[in-house]
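Just below is one structure, and these are the notes that go with it.
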Amino acid sequence: MEKWHHKNNQIVGDNMPEMPEVETVRRGLNAQVKGCKITHVEIRYQNLITGDVEQFVEFVTGSTITNVDRRAKFLLIHLDNGYTIISHLRMEGRYRISADPAAIDKHSHAIFTLDNGQKMIYNDVRKFGRMQLWNTDDLDDNRSIAKLGPEPLSKGFTFDKLKPRIMRHRKDIKTVLLDQSVLSGLGNIYVDEVLWKVKIHPETSANHLSDKDIQNIIEASNQEMKAAIASGGSTVRSYIDATGHKGNMQNSLKVYGKEGTPCPRCGTEIEKIKVGGRGTHFCPKCQVIK
DNA sequence: ATGAATGTTAGCTA
DNA sequence: ATAGCTAACATTCA
């Protein structure tokens with residue numbers, strides 16, 4: 001990890017975020033850059049931008065950030081000119097607000113100069129993250145946004161909506177819960193946590209779930225997201241929020257990264273397997289395929 | 001030291 | 001429409 005203790009070097013993003021981590025980034029950005037005018041834009045990695053890079057720079061330059069919103073794991077940076085920057089951090093994207101030139105390194109792919117002397121720096125070691133400019137009024141027409149299923153803690157996250165969306169699949173439930181078009185916001189950490197909580201084996205076929213299972217998944221997802229947001233996200237590898245503090249949710253994780261340690265519920269060793277290509281943690285005794 | 005692993009998504013193919 | 005696999009990329013770990 002780099003040194004994060006630069007004075008004047010505020011970190012707003014963490015790597016590898018799920019919804020609670022993105023929410024934490026959103027709050028940090030609102031606290032620090034809301035109302036700021038973007039006086040200059042530099043895109044150092046052209047593939048960061050989906051669409052025309054020159055147009056992105058042209059339209060963003062001179063605009064003012066009115067608010068930062070979020071839909072699932074997408075940040076929506078609203079500008080006062082009718083456009084919104086749709087920003088996805090993917091695996092390792094992060095924002096840093098700093099006036100210190102040392103905050104910029106070889107992994108800084110977009111640099112937004114603000115009228116308060118700070119720079120909003122987008123950093124992304126693996127270069128998976130993407131940004132895209134879109135008409136604020138037509139965000140629902142954006143392909144990435146349009147296909148998102150209901151997200152936990154939102155109005156549409158109900159049994160009636162979720163049941164048919166989940167049950168039409170016969171893939172592993174873990175894979176289905178990670179599919180953002182079925183329901184959105186959950187990622188690899190929290191899906192493992194949710195399935196442990198409701199005692200469902202990650203390789204259970206989605207169409208074999210009972211109504212009670214679905215209801216339990218909904219409740220556990222809401223609880224998990226709420227707790228994770230309240231904790232400022234999970235710091236599994238590294239994490240510092242907008243005010244320089246770590247998240248706390250990693251201390252509450254029961255199975256993610258806990259392979260070889262006893263299940264907090266029954267004492268059986270947590271196992272790690274691969275499901276749908278993703279590392280998957282579960283208790284072989286609590287979570288059995290029916 | 002090679003291969004596998006890493007909080008993700010989009011885009012192909014069948 | 002659904003399922004499964006691959007790519008995008010850099011770094012760390014076994």
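We name chains A, B, ... by the order of the sequence lines, and we start the count at 1 in each one.
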**Short side-chain N/O contact to C:dT11 OP1/OP2 from A:H107, under 4.0 Å** = yes
**Item:** Pair A:R70 + A:E151, salt bridge at N-O below 4.0 Å
**Value:** yes
**Request:** Look at all strands and tell whether A:R170 reaches a base, only sugar-phosphate, or nothing, counting heavy atoms closer than 4.0 Å.
**Result:** sugar-phosphate
**Message:** What is the distance, to the nearest angstrom, from the CG atom on A:L75 to the P atom on B:dT8?
**Reply:** 15 Å
**Asked** Hey, are A:T136 and A:T84 close enough side-chain-wise for a donor-acceptor pair under 3.5 Å?
**Response** yes
**Closest to the A:Y45 side chain, choosing from B:dT9, C:dA3, C:dC9** = C:dC9
**Prompt:** For A:I173 and C:dA3, what is the distance between atoms CD1 and P respectively, to the nearest whole Å?
**Reply:** 11 Å
**Prompt:** Is the closest side-chain donor-acceptor distance between A:Y122 and A:S87 under 3.5 Å?
**Reply:** no
**Asked** If you check the A:K171 side chain, which of C:dT2, B:dT8, C:dG4 turns out closest?
**Response** C:dG4
**Request:** Could you pull out the closest heavy-atom pair between A:D124 and A:H109, with the gap in Å?
**Result:** O-NE2, 2.7 Å
**Message:** Would you measure the distance from the P atom in B:dG3 across to the matching atom in C:dA7 and give it in whole Å?
**Reply:** 15 Å
**Message:** In this structure, how many angstroms lie between the C1' atom of C:dA10 and the CE atom of A:M91, rounded?
**Reply:** 11 Å
**Asked** OP1 or OP2 of C:dA3 less than 4.0 angstrom from a side-chain nitrogen or oxygen of A:H169, does that happen here?
**Response** yes
**Asked** How is A:Y256 classified with respect to the nucleic acid when contacts are heavy atoms under 4.0 Å: base, sugar-phosphate, or nothing?
**Response** sugar-phosphate
**Request:** Determine: side-chain N/O of A:R278 to OP1/OP2 of B:dT8, distance under 4.0 Å, yes or no.
**Result:** yes
**Prompt:** Whole Å only: how far is the NZ atom of A:K174 from the P atom of B:dT8?
**Reply:** 9 Å
**Message:** Could you tell me how far C:dC9 sits from B:dG11 if I compare only their P atoms? Round to whole Å.
**Reply:** 15 Å
**Request:** Return no unless some side-chain N or O of A:K274 is found under 4.0 Å from OP1 or OP2 of B:dA5.
**Result:** yes
**Asked** Would you say the side-chain atoms of A:K174 and A:N188 include a donor-acceptor pair closer than 3.5 Å?
**Response** yes
**Prompt:** For A:T175, which contact category applies under a 4.0 Å heavy-atom criterion: base, sugar-phosphate, or nothing?
**Reply:** nothing
**Prompt:** Rounded to the Å, how far apart are A:Q132 CD and B:dT9 P?
**Reply:** 15 Å
**Request:** Report the distance from atom CZ of A:F128 to atom P of C:dT11, rounded to the nearest whole Å.
**Result:** 12 Å
**Below 4.0 Å: OP1/OP2 of C:dA1 and any side-chain N or O of A:K147** = no
**Request:** Just compare C:dT2, B:dA10, C:dT11 and give me whichever is closest to any side-chain atom of A:R90.
**Result:** B:dA10
**Request:** Describe the nucleic acid contact of A:G129 in one word from base, sugar-phosphate, nothing, applying a heavy-atom distance below 4.0 Å.
**Result:** nothing
**Prompt:** Do A:E21 and A:K73 meet the salt-bridge criterion of a basic N to acidic O distance under 4.0 Å?
**Reply:** no
**Request:** Name the pairing partner of B:dG3, where a pair is Watson-Crick or G-U wobble with both distances under 3.5 Å, or state none.
**Result:** C:dC13
**Message:** Need to verify one output field. Residue with the more 5' nearest nucleotide on DNA chain B, A:R143 or A:R126?
**Reply:** A:R126
**Prompt:** Please give, in whole Å, the distance from C:dA3 C1' to A:R168 CZ?
**Reply:** 13 Å
**Request:** Kindly point out which of C:dA10, B:dT6, B:dT9 is positioned nearest to the side chain of A:K127?
**Result:** C:dA10
**Message:** With a 4.0 Å cutoff (strictly under), does any side-chain N or O of A:H88 reach OP1 or OP2 of B:dT9?
**Reply:** yes
**Request:** Would you mind checking if A:K197 and A:E193 are paired as a salt bridge, meaning a charged N to carboxylate O distance below 4.0 Å?
**Result:** no
**Asked** Please give, in whole Å, the distance from B:dA10 C1' to A:N142 CG?
**Response** 12 Å
**Asked** So, is A:Q180 close to the B:dT8 phosphate, meaning a side-chain N or O under 4.0 Å from OP1 or OP2?
**Response** no
